[in-house]
There are 2 protein chains.
Amino acid sequence: MRVSDLSTVAGVPVATIKYYLREGLLPRGETTTSANQASYGQAHVRRLTLIRSLVDVGGLSISAVRKVLAAIDDPDVPLHEMLGATVGTVTPGAGATEHDEYRAQAVAEIGRVVDARGWRVSADAPARDAAVDVLAAMHRVGGERLATVLDAYVRAVELVAEADLDTVSAVPDRDVRAETALVGTVLGDHLLAALRRLAQEHVSATRFTPPPPETP
Amino acid sequence: MRVSDLSTVAGVPVATIKYYLREGLLPRGETTTSANQASYGQAHVRRLTLIRSLVDVGGLSISAVRKVLAAIDDPDVPLHEMLGATVGTVTPGAGATEHDEYRAQAVAEIGRVVDARGWRVSADAPARDAAVDVLAAMHRVGGERLATVLDAYVRAVELVAEADLDTVSAVPDRDVRAETALVGTVLGDHLLAALRRLAQEHVSATRFTPPPPETP
DNA sequence: GCATGGTGGATACTGTAACTATCGGATAGC
DNA sequence: GCTATCCGATAGTTACAGTATCCACCATGC
């Protein structure tokens, strides 16, 4: 399989494939004979599909994809660390974090819920900082109001995380498991976001409009 | 309050404020005397803080911010429609959606869960398409495996949406309510994502490592 | 045995997004 | 009156994600 075939199968322009090769997202094909004839296999198609999903649907940047793929490919990186690597990349913020009153309050609130639910998470988990940043921003712009959702969110993500781990645990192969965890986490965020909008619409409809005629 | 003051208070460079004015994100200050002396008030500070949160923490693009702000400011736009407007902007995809087997399956699955939970959502809600797209991408890259989480996700977002609506309903003023819904939805996605990582770490830790010494 | 066209690799270019810098004229406050 | 600041417009900058072009080289069908 040469580039043009890979391009056809995966639906990605050749120029873009070359770009991904340059950027180290996609391993180079085996240069069988010599010099300028490399051959690509099924693994390249998989990887390319993965990259496209992360970029197009997951919204990751190229450098973010490079990072997480490197983590996938390194057998020494534990799973939760790989997922942690996606945090800083999905939420681009974290730059020049202001240490104001809002942030202090957010730190306290996150600490409270982590303790209350008995979560065993390291104090310096990147996701923890991300959560603090978002919560601080909520306070900054919306006052106290928004913090009241925190407990419900925490219970909801426990449900989600249990399901996530069930799915990931069921995969025997290490590489496939890492890939599953990655895709499930990155795309899962967006799936959750879309479902949340639907659920909001539903809840809003049931609360504020008369119920539809019963259909038993 | 002139631009430089606004800049100091909100922590945003003057040049950037001018850019936002140009782009119509921020209403121009009242041009009190005439021509070149405009004055800004507390509302501008609020709006500027809101914009920065949506951009920096929420990750929205400038054009997306313009769209949702226009929806906020228009009293005729119903709440769920405003939130729907954020869907297409957060998930940039939707371009050249392939109608392959994966998508067909995703459509069926979303239809199934919506029916199963009795969700009252319109068939052409933007969030529905977004969910279908993401689910199709999951199938494309990860096979059947990932779809098993769907039911758990649906139950989780019901919890979340109830909490969201509780919070929003508690706000009396229409404008503040719209703003709360917007911020809660956009930033809420990221808060949920970060909390989800934490919960994943916790669940992973409790499943695969010995329990910590008890501290009753 | 040789023309044709695809290949790998390098380099240069394009388009978009989000600012950032400069400029010309006006005006505020001393 | 003088200087600092302001407004508005225009032009420039940086980063990102590709695209496009070039060129020497293989490989294969005639």
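Small disclaimer: the values here were computed from a predicted structure and weren't measured. Side chains included, hydrogens not; waters and symmetry mates left out as well; all remaining heavy atoms used. A note on names: the letters A, B, ... follow the listed sequences, proteins ahead of strands, and every chain is numbered from 1.
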Within the structure, does a side-chain N or O atom of [X] lie under 4.0 Å from either OP1 or OP2 of [N]?
| X | N | answer |
| --- | --- | --- |
| A/T16 | D/dT19 | yes |
| A/S4 | C/dT7 | yes |
| A/Y20 | D/dG18 | yes |

Interatomic distance where [atom1] belongs to [X] and [atom2] belongs to [N] [whole Å]:
| X | N | atom1 | atom2 | value |
| --- | --- | --- | --- | --- |
| B/M1 | D/dC6 | CE | P | 13 Å |
| A/E23 | D/dA15 | CD | P | 14 Å |
| B/K67 | C/dA17 | NZ | P | 11 Å |
| B/L26 | D/dG8 | CG | C1' | 15 Å |
| B/Y40 | D/dT5 | OH | C1' | 13 Å |
| B/I51 | C/dA17 | CD1 | P | 18 Å |
| A/I17 | C/dG9 | CD1 | P | 14 Å |
| A/Y19 | C/dT11 | OH | C1' | 15 Å |

**Asked** Is A/R28 touching bases, backbone alone, or none of the nucleic acid, heavy atoms closer than 4.0 Å?
**Response**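 The answer is sugar-phosphate, as A/R28 gets under 4.0 Å only of primed atoms, P, OP1 or OP2.
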**Request:** Quick one: label A/R66 by what it contacts on the DNA or RNA (base, sugar-phosphate, nothing), any heavy atom closer than 4.0 Å.
**Result:**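 Answer is nothing: A/R66 stays at 4.0 Å or more from every strand.
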The side chain of [X] lies closest to which of these nucleotides: [options]?
| X | options | value |
| --- | --- | --- |
| B/V55 | D/dA9, C/dG8, C/dC19 | C/dC19 |
| B/K18 | C/dG9, C/dC19, D/dG8 | D/dG8 |
| A/I62 | D/dA17, C/dA18, D/dC6 | D/dA17 |

**Request:** Kindly indicate whether the side chain of B/D164, heavy atoms from C-beta on, has any atom under 4.5 Å from the side chain of A/Y153.
**Result:**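 SC-SC contact between B/D164 and A/Y153 confirmed.
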**Prompt:** When you match A/R2 and B/L21 each to their closest nucleotide on DNA chain D, which lands nearer the 5' end?
**Reply:**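 Between the two, 5'-proximity favours B/L21.
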**Item:** Residue mapping more 5' on DNA chain D - nearest nucleotide basis, B/D5 or B/R22
**Value:**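 Final value for this comparison: B/D5.
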**Prompt:** What are the two closest heavy atoms between B/L48 and B/A10, and how far apart are they?
**Reply:** CD2-CB, 3.6 Å
**Request:** Please lay out, stage by stage, how B/R196 and B/D189 fare under the test salt bridge (charged side-chain N to carboxylate O under 4.0 Å, His left out).
**Result:** CA-CA 10 Å; B/R196 178 174 171 228; B/D189 283 349; over 6 Å; no
**Ionic contact status for A/D175 with A/R46, cut-off 4.0 Å** = no
**Item:** B/R47 side, atom CZ; B/L69 side, atom CG - distance, nearest 0.5 Å
**Value:** 4.5 Å
